[in-house]
> 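Before I ask anything, let me first share the structure, which is written out below as structure tokens.
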Amino acid sequence: MRSSSDKTVRAAYDRLYEAYGPQDWWPGDTRFEIIVGAILTQNTAWTNVEKAIANLKRERILTPEAMKKAGKKTLASLIRPAGYYNIKTERLKNFIAMLFSGYGGSLASMAKTPTVTLRRELLSVNGIGPETCDSIMLYAFNRPVFVVDAYTKRIFSRHGLFKETADYHYVQKFFSDRVGPDAKVYNEYHALIVRLAKKHCRKKPDCVDCPLGRLELS
DNA sequence: GACCAGGCACATC
DNA sequence: GATGTGCATGGT
């Protein structure tokens with residue numbers, strides 16, 4: 001049986017897509033850049049991540065081989081603008097270590113890994129949690145995995161679909177069940193949520209001219 | 001100067 | 001199993 005929230009989840013997507021159009025995510029040119037960006041953006045404004053990525057590009061460290069060779073102090077100094085630079089240096093190195101130990105340093109090889117295995121592998125890396133893992137799954141490897149972030153919980157809990165304290169897996173399943181396994185739609189939906197949130201759904205909401213309006217549970 | 005940003009691991013109860 | 005804390009920069 002289709003619940004009222006089924007339609008709501010789709011209506012929300014339609015309104016966002018109509019208002020903003022395709023978002024052309026992830027903002028990154030290569031698989032590796034997407035993965036690095038996913039780690040660097042943890043609890044951090046994207047504008048700060050851009051500065052860090054630009055530094056890495058300038059120093060030609062935005063490949064697995066180059067980042068493997070780079071010293072931690074060098075790496076930390078380059079990603080400094082993204083904040084938490086010491087812990088993020090460790091996290092990048094942890095990912096690199098897994099990439100080389102499990103896949104010979106080849107993202108193409110990693111890309112051939114079945115979705116369930118790949119997700120388990122990513123989550124086993126210290127510093128890659130559910131959101132970072134699923135961002136990589138969806139945006140670097142095009143797997144149909146819905147990405148849940150703080151905005152997703154904030155927005156849809158405000159609209160009464162679930163509690164803001166609902167756990168990651170619950171919210172992910174909530175959307176997956178109502179959208180169906182579609183990487184293209186998941187890609188746009190998450191990007192549209194971020195787009196919406198940056199303008200309207202900060203901790204102090206600005207609901208004037210919000211394209212979502214009032215989501216009716218009917 | 002306070003508050004916030006596309007989390008996560010770890011400690012403690 | 002829930003809740004609290006450290007990690008850090010740069011924009012508003």
Side-chain angles (χ1 to χ4, degrees), chain A residues 12-13 16 20 22-28 31 33-56 72-98 119-141 143 145-158 162-172 174-175 183 185-208 212:
Chain A
Y13 178 80
L16 291 173
Y20 297 134
Q23 298 300 297
D24 194 29
W25 264 37
W26 183 284
R31 265 202 185 106
E33 184 177 339
I34 292 167
I35 292 165
V36 170
I39 292 171
L40 293 183
T41 199
Q42 291 170 355
N43 203 40
T44 299
W46 182 253
T47 50
N48 290 354
V49 177
E50 287 180 318
K51 300 176 206 292
I53 299 257
N55 289 344
L56 293 171
K72 287 183 181 176
K73 287 202 171 172
T74 303
L75 193 49
S77 70
L78 293 173
I79 67 170
R80 189 172 187 275
Y84 307 127
Y85 50 85
N86 289 315
I87 203 165
K88 283 175 179 174
T89 294
E90 292 300 323
R91 289 173 181 182
L92 289 170
K93 286 290 191 181
N94 290 344
F95 171 78
I96 295 285
M98 183 274 278
R119 190 163 194 278
R120 189 171 57 235
E121 288 270 47
L122 289 169
L123 284 173
S124 76
V125 176
N126 186 301
I128 296 184
E131 183 187 340
T132 306
C133 166
D134 289 343
S135 293
I136 294 170
M137 296 287 292
L138 179 60
Y139 292 105
F141 295 109
R143 305 304 170 90
V145 176
F146 192 90
V147 177
V148 176
D149 65 349
Y151 290 148
T152 310
K153 287 189 188 179
R154 187 185 301 163
I155 292 167
F156 290 90
S157 63
R158 281 177 180 168
F162 42 75
K163 286 186 275 193
E164 179 147 24
T165 53
D167 72 26
Y168 187 95
H169 183 254
Y170 178 90
V171 176
Q172 181 175 56
F174 187 92
F175 281 89
V185 175
Y186 289 175
N187 179 318
E188 290 296 344
Y189 209 156
H190 177 66
L192 286 164
I193 285 170
V194 174
R195 172 72 182 272
L196 171 77
K198 283 181 173 173
K199 173 136 181 59
H200 294 286
C201 320
R202 300 290 181 168
K203 289 203 173 172
K204 186 175 170 55
D206 170 18
C207 301
V208 178
L212 228 43

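Remember, predicted model here, so these are calculated numbers, not experimental data. Chain naming here is simple, since letters A, B, ... match the order of the sequence lines and numbering starts at 1 in each.
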> Check DNA chain B against residues 75-88 of chain A and give the residues with a non-hydrogen atom under 4.0 Å, in numerical order.
none

> Quickly work out the A:Asp167 CG to B:dC8 P distance and round it to whole Å.
13 Å

> Got a second to check how far A:Ile128's CD1 is from A:Leu92's CG, nearest 0.5 Å?
9.0 Å

> To the closest 0.5 Å, what do you measure between CD1 (A:Ile155) and CG (A:Leu196)?
4.5 Å

> Would you classify A:Val125 as touching base, sugar-phosphate or nothing, given that sugar-phosphate means primed atoms plus P, OP1 and OP2, and contacts are heavy atoms under 4.0 Å?
sugar-phosphate

> For the pair A:Asp134 and A:Arg119, find out whether any cationic side-chain nitrogen is under 4.0 Å from an anionic carboxylate oxygen.
yes

> What is the distance from CG of A:Asp149 to P of B:dC4, rounded to the nearest Å?
17 Å

> Given side chains that start at C-beta, do those of A:Gln172 and A:Pro130 come closer than 4.5 Å, heavy atoms only?
no

> All N/O contacts under 3.5 Å from nucleotides 10-13 of chain B to the protein, with atom names and distances to one decimal?
from: B:dC10; atom 1: OP1; to: A:Asn126; atom 2: ND2; distance (Å): 3.3

> By the side chain to side chain donor-acceptor pair (under 3.5 Å) test, which pairs, at least two apart or in different chains, include something from residues 197-206 of chain A?
A:Tyr151-A:Arg202

> As a test of understanding, state which of A:Asn43, A:Thr44, A:Thr89 forms a side-chain hydrogen bond (donor to acceptor under 3.5 Å, both in side chains) with A:Tyr84.
A:Asn43

> Quick one: ring pair (Phe, Tyr, Trp, His ring centres under 6.0 Å) partners of A:Tyr189, sequence neighbours excluded?
A:Tyr13, A:Phe146, A:Phe175

> Looking only at heavy atoms, which two atoms of A:Ala82 and A:Val49 are closest? And how far apart?
CB-CA, 4.3 Å

> Of all the heavy-atom pairs spanning A:Asn126 and A:Arg91, show the shortest one and how long it is.
O-CG, 4.0 Å

> For residues A:Arg80 and A:Lys51, determine if any side-chain heavy atom of one lies less than 4.5 Å from a side-chain heavy atom of the other.
no

> Can you measure A:Glu131 atom CD to B:dA5 atom P for me and round it to whole angstrom units?
13 Å

> If we only count heavy atoms from C-beta on, is the A:Tyr85 to A:Leu78 side-chain gap below 4.5 Å?
no

> Hey, what do you get for CG (A:Leu40) to CG (A:Asn48), rounding to the nearest 0.5 Å?
10.5 Å

> Below 4.0 Å from chain A heavy atoms, what is the first contacting nucleotide of DNA chain C and what is the last?
C:dC7 to C:dG11

> Is there a side-chain contact between A:Asp149 and A:His190 in this structure, where contact means two heavy atoms from C-beta onward sitting under 4.5 Å apart?
yes

> Can you measure A:Tyr168 atom OH to B:dA9 atom C1' for me and round it to whole angstrom units?
17 Å

> Going by number, which of residues 39-54 of chain A have a non-hydrogen atom under 4.0 Å from DNA chain C?
A:Asn43, A:Asn48, A:Lys51

> So what does A:Arg195 hit on the nucleic acid, given a heavy-atom distance under 4.0 Å: a base, only sugar-phosphate, or nothing?
nothing

